[in-house]
Amino acid sequence: MPELPEVETIRRQLEKEIVGETIVAVWSDRPKMLRPSAERFLKGVKGRKVREVSRRAKLLIFELDEGYFVCHLRLSGRLFVRQKDDEADDYAHVILKFKGGQELRFSEMRLFGYLADQEALGGILSKYGPEPLDDLTADKFYSILRKTSRPVKIVLMDQHKIAGIGNIYANDALFLAKIHPQTPADKLTRGRSDILFTAIEQVFKEGLKYGGASDQWYLQVHGEEGSYQDYFKVYGRTGQRCDVCGTEIERVALGGRGTFFCPECQK
DNA sequence: CATGGGTCCTGAGTGC
DNA sequence: TGCACTCAGGACCCAT
């Protein structure tokens with residue numbers, strides 16, 4: 001699932017590919033993926049030029065010469081940069097067509113992802129928590145954790161508390177920090193909070209270094225896979241041996257999400 | 001405000 | 001081989 005490292009990898013690639021392009025048309029066979037509606041979305045972007053591609057949490061933000069729109073990849077979303085005569089992409093439900101024949105194709109098997117204009121977003125961008133690689137500090141992180149007794153993994157994944165952490169990196173960061181996912185957030189000492197904060201930075205940097213994790217659907221803008229999935233520590237590794245102690249990795253459900261940990265290293 | 005459950009959607013996986 | 005069924009999963013919505 002695209003999390004901060006995957007979305008940031010795509011952002012960096014898009015920045016090189018589509019800045020300066022002018023949107024001349026939008027095609028879709030699933031108009032519900034365009035917000036607030038296909039008609040209004042089209043009206044907001046047609047004829048506009050892409051000035052910059054930025055990111056907030058897991059949202060890609062396309063800054064235009066007038067206004068902006070965003071894209072959320074949710075579970076199985078992919079963005080491909082293609083030429084108009086390139087062969088079709090599976091599950092491509094929205095295509096932005098640029099002047100000159102280049103295209104930005106939004107492929108989304110589960111149909112949870114969306115493109116939204118400013119109007120459809122309301123104020124949601126300001127409701128996200130701090131960016132882990134940017135404005136989050138060890139102090140802020142500790143103060144977030146001590147305010148709730150929910151399991152620490154649930155807190156990590158709460159976008160309103162901290163932005164950009166999803167299931168893969170939450171599991172792997174907790175493993176690196178040797179913290180059990182179910183630990184109540186407010187039971188962590190300042191020292192362990194600091195270790196977890198560093199672990200989050202570490203797994204995100206590693207994810208970025210490998211171009212993201214392509215364990216299910218995620219692909220980069222030309223269809224390449226990332227390779228962080230080859231370096232998963234616990235995520236998706238039920239029954240395999242822990243790299244540190246050799247104990248079998250376990251899986252439990254926490255908040256309805258698959259949760260992976262080493263019962264020996266993470267107590 | 002904090003918390004937890006339901007919901008969306010479809011391919012993959014399971015059982016027969 | 002193929003059918004019917006269940007499940008995963010991010011974030012929003014709603015009830016408590």
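Values below: every heavy atom of this structure, side chains too, minus hydrogens, waters and symmetry copies.
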Full working for ring-ring contact (aromatic ring centres under 6.0 Å, His included) between A:Y114 and A:F41 = CA-CA 11 Å; A:Y114 61 86; A:F41 182 84; over 10 Å; no
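In this structure, A:Y169 does not reach the C:dG10 phosphate: none of its side-chain N or O atoms is under 4.0 Å from OP1 or OP2. Note on A:H72: every side-chain N or O is 4.0 Å or more away from OP1 and OP2 of C:dG10. Close to C:dA11, at under 4.0 Å from its OP1 or OP2, lies a side-chain N or O of A:K58.
Rounded to whole angstrom, the span from the CE atom of A:M157 across to the P atom of C:dG10 amounts to 5 Å. Whole-Å rounding puts the A:I124 CD1 to C:dC12 P distance at 5 Å. At whole-Å resolution of the value, CE in A:M109 and C1' in C:dG10 are 14 Å apart. In this structure, the CG atom of A:L115 is 16 Å from the C1' atom of C:dA11, given to the nearest Å. Going from atom NZ of A:K127 over to atom P of C:dC13 covers 9 Å, rounded to whole Å. The nearest whole Å value for the distance from the CZ atom in A:R251 to the P atom in B:dG13 is 14 Å. The distance from atom NE2 of A:H160 to atom P of C:dG10 is 14 Å, rounded to the nearest whole Å. Following rounding to the nearest Å, A:I165 (CD1) and C:dG9 (P) show an atom-to-atom distance of 17 Å.
Distances were taken from every side-chain heavy atom of A:Q216 (C-beta onward) to each of B:dG11, C:dG9, C:dG10; the shortest belongs to C:dG9.
A:F232 does not carry A:R237 over the face of its six-membered ring by the limits of under 6.0 Å from the centre and within 45° of the normal. Figure legend: cation-pi geometry between A:R110 and A:F112 absent, as NZ or CZ is not positioned both under 6.0 Å from the six-membered ring centre and within 45° of its axis.
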At under 4.0 Å between heavy atoms, which parts of nucleotides 3-8 of chain B does protein reach? Answer with one letter per nucleotide, 5' to 3': B base, S sugar-phosphate only, - none.
-> SS---B
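Among the protein residues, A:L75 comes within range of the nucleic acid bases, having at least one heavy atom under 4.0 Å from a base atom. Counting any heavy atom pair closer than 4.0 Å across all strands shown, A:G258 reaches sugar-phosphate atoms only and no base atom.
Connection of A:L176 to A:I200 is established within a shared hydrophobic cluster, with ILVMFWY side chains joined at heavy-atom distances below 4.5 Å, either directly or through further cluster members. A continuous path of Ile, Leu, Val, Met, Phe, Trp and Tyr side chains, each step under 4.5 Å between heavy atoms, connects A:V45 with A:L14, placing both in one hydrophobic cluster. Hydrophobic clustering (ILVMFWY, side-chain heavy atoms < 4.5 Å, transitive): A:Y235 and A:V244 are in one cluster. Following chains of ILVMFWY side-chain contacts shorter than 4.5 Å, one can reach A:L34 starting from A:F106, so the two form part of one hydrophobic cluster.
Summary for the helix from B:dA2-C:dT16 to B:dC16-C:dG2: the axes at its two ends, each from 5 pairs, differ by 50° when rounded to the nearest 10 degrees.
Contact between A:V24 and A:F98 at its shortest, heavy atoms only, is CG2-C, 3.8 Å. Of all the heavy atoms in A:S28 and A:V94, the pair that sits closest is OG-CG2, 3.7 Å.
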